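Presented below is the structure to which this report refers.
Heavy-atom basis, side chains included; hydrogens, waters and symmetry copies ignored. Since the model is a prediction, treat every value here as computed from it, not as a measurement.
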Amino acid sequence: MRAAGAELTGVRVFDVRRGEVTPDAGADSLFIGIGNANVASRLRDTLTAHYPMDHPATVVSRPGSSHQATRAVTLAELEPAAEMPPPVSVFVAALPAEQRADVDGLRAIMARLRGEDGCPWDREQDHRTLRRCLLEEAHEAIAAIDRADWQELASELGDILLQIIFHAHLAAERGEFDFNDVARRLRDKLVSRHPHVFGDAVVDDAAAVLRRWDELKRDEAGSDESEGLLSGVAPTLPALDRAQKVQRRAAHYGFEWTEAEGPLAKLLEEIEELKRELATETPGSPRLEHELGDILFAVVNVSRFAGVDAEQALRAAADRFADRFAKMRELAAERGKTLEGMKLAEMDALWERAKAARGSGSP
């Protein structure tokens, strides 16, 4: 019996009786051992996850015998065609590259878009013009995660993948690198930074994995203490994320509070300093900016000890505020009023009602 997925003069051969059918839309495939319509139905369902329903197939009845018969069908018609006299085999030709739902198919589409007869907009782009697109797609994926909208997340991840393929194609045009180089570097990185999985290293928990990851990353970059805590930290990171990363790096060297009371006391100290500056400085002064920066940095430190991501916490707080403010406007409208010109005491009362109506926002 031929092994599943075996090659036969360039054709992948699968014996469906073994149940090891792994279609490859990029290769011609032959599926043998189809004994009845039920088996054909299962094969059709498997194939149409990789091919269009109207993709052509050839059904062969009694292959190799004097009674051999063939029938051209689409995959949607596979089940009734399999009722031809057994044994039955099905030949499925490879999809053209641009029709395949895999990375190679996407790369083929990108090559077409960038070609002489491609899309004018795609042909004008370069790495710099696509910067904004990459950032926006990442933010939209995060928004889908926050909404727990998993179908939308699948779409947004596809948009991010488009950006990766686009940048890789641009680089390949210039002879700098291509998509395979991107995949190869990622593969090497995943293996080298997981020695506890692919090697003999031992780690106790997820925190140890992160510490080891940072150590290996510094070793790979050849960095040392003289390069500073910001070495390798993307300058475009959101400020809270940037602060968290710097603090984690400092903690790696032992420059860290031993308990949560330390960063909390530091936060209160920074608040007192701001109070003194507010009494003497004019709004917008460099001193006020300095002190407010210290407070925000201290808040991030407290959040780390609380096990809370500061960026996500602030984002959620802003969303809660916007939601409650919208509720305030709604409550004011019910009274035939608007917030414009309303006294602060009345707005405070509406705020409390809105807060109660929307809940505390706790999980």
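- In summary, Arg184 and Asp181 engage in a salt bridge, as defined by a charged side-chain N under 4.0 Å from a carboxylate O.
- The 12-atom threshold is exceeded at CZ of Arg147, counting heavy atoms of other residues, nucleotides or ligands nearer than 6.0 Å.
- Within the 4.5 Å cutoff, side-chain heavy atoms of Trp150 are placed close to those of Leu153.
- In the hydrophobic clustering of this structure, Phe14 groups with Leu95; members are Ile, Leu, Val, Met, Phe, Trp, Tyr whose side-chain heavy atoms approach within less than 4.5 Å, directly or through other members.
- Between the side chain of His290 and the backbone N or O of Pro286, no donor-acceptor pair lies under 3.5 Å.
- Salt bridge Glu272/Arg276: absent, no basic N to carboxylate O contact under 4.0 Å.
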TODO: Test Glu137 against Ile160 for side chain to side chain contact (heavy atoms under 4.5 Å, CB included), laying out the working first.
DONE: CA-CA 6 Å; Glu137 301 301 356; Ile160 293 175; 3.9 Å; yes

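- In this structure, the side chains of Asn36 and Val39 come closer than 4.5 Å at one or more pairs of heavy atoms.
- There is no path of hydrophobic side-chain contacts, each under 4.5 Å, that joins Val302 to Trp257.
- Atom CG of Asp205 is surrounded by more than 12 heavy atoms from other residues, nucleotides or ligands within 6.0 Å.
- Using a 4.5 Å cut-off between side-chain heavy atoms of Ile, Leu, Val, Met, Phe, Trp and Tyr, with links allowed through other members, Phe179 and Leu162 fall into the same hydrophobic cluster.
- The existence of a salt bridge linking Arg185 and Asp188 is excluded, since no basic side-chain nitrogen approaches an acidic carboxylate oxygen closer than 4.0 Å.
- By the 4.0 Å N-to-carboxylate-O rule, Lys343 lies too far from Glu346 to be salt-bridged with it.
- Evaluation of the side chain to side chain contact (heavy atoms under 4.5 Å, CB included) rule for Glu352 yields Lys355 as partners, not counting sequence neighbours.
- For CD of Glu334, the number of neighbouring non-hydrogen atoms (other residues, nucleotides, ligands) closer than 6.0 Å is greater than 12.
- Side chain of Arg71 to backbone of Ser61: no donor-acceptor contact under 3.5 angstrom is found.
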Task: Verdict with reasoning, Gln99 to Tyr51, per side chain to side chain contact (heavy atoms under 4.5 Å, CB included) - done: CA-CA 9 Å; Gln99 296 182 22; Tyr51 303 83; over 6 Å; no

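- At least one donor-acceptor pair under 3.5 Å links the side chain of Ser303 to the backbone N or O of Val300.
- Test Thr48, Thr46, Leu47 against Arg44 for side chain to side chain contact (heavy atoms under 4.5 Å, CB included) and you get one pass: Thr48.
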- [ ] Go through the steps for Thr70 and Phe91 under the test side chain to side chain contact (heavy atoms under 4.5 Å, CB included), then give the verdict.
- [x] CA-CA 10 Å; Thr70 62; Phe91 174 79; over 6 Å; no

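- The environment of CD in Gln68 is crowded: more than 12 heavy-atom neighbours from other residues, nucleotides or ligands sit within 6.0 Å.
- Between Glu277 and Arg287 a salt bridge is recorded (basic side-chain N to carboxylate O distance below 4.0 Å).
- Counting only heavy atoms from C-beta outward, the side chains of Val60 and Val90 never approach each other to under 4.5 Å.
- Here the side chains of Leu130 and Gln125 are in contact, with some heavy-atom distance below 4.5 Å.
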TODO: Show the numbers, then the answer: is there a salt bridge (charged side-chain N to carboxylate O under 4.0 Å, His left out) between Asp104 and Arg107?
DONE: CA-CA 5 Å; Asp104 287 338; Arg107 294 171 65 187; 3.7 Å; yes

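- For Glu340, the CD atom counts as densely surrounded, since its 6.0 Å shell holds more than 12 non-hydrogen atoms of other residues, nucleotides or ligands.
- Applying the side chain to side chain contact (heavy atoms under 4.5 Å, CB included) test to Glu256 and every residue at least two apart in sequence or in another chain returns Ala251, Asn301, Arg304, Phe305.
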TODO: Given side chain to side chain contact (heavy atoms under 4.5 Å, CB included), test Asp28 with Arg12 step by step and report yes or no.
DONE: CA-CA 6 Å; Asp28 293 342; Arg12 298 197 69 191; over 6 Å; no

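- Note on Val73 and Val92: same hydrophobic cluster, where clusters join Ile, Leu, Val, Met, Phe, Trp and Tyr whose side-chain heavy atoms are under 4.5 Å apart, directly or indirectly.
- Here the side chain of Arg123 pairs a donor or acceptor atom with the backbone of Arg114 at under 3.5 angstrom.
- For the pair Asp126 and Arg128, the salt-bridge criterion is not met [side-chain N within less than 4.0 Å of a carboxylate O].
- Neither Leu157 nor Ile142 shares a network with the other; the hydrophobic side chains, linked directly or stepwise wherever heavy atoms of I, L, V, M, F, W or Y lie under 4.5 Å apart, form separate groups for each.
- Applying the ring-ring contact (aromatic ring centres under 6.0 Å, His included) test to residues at least two apart or on different chains, the pairs with a partner in residues 98-139 are His127-His167.
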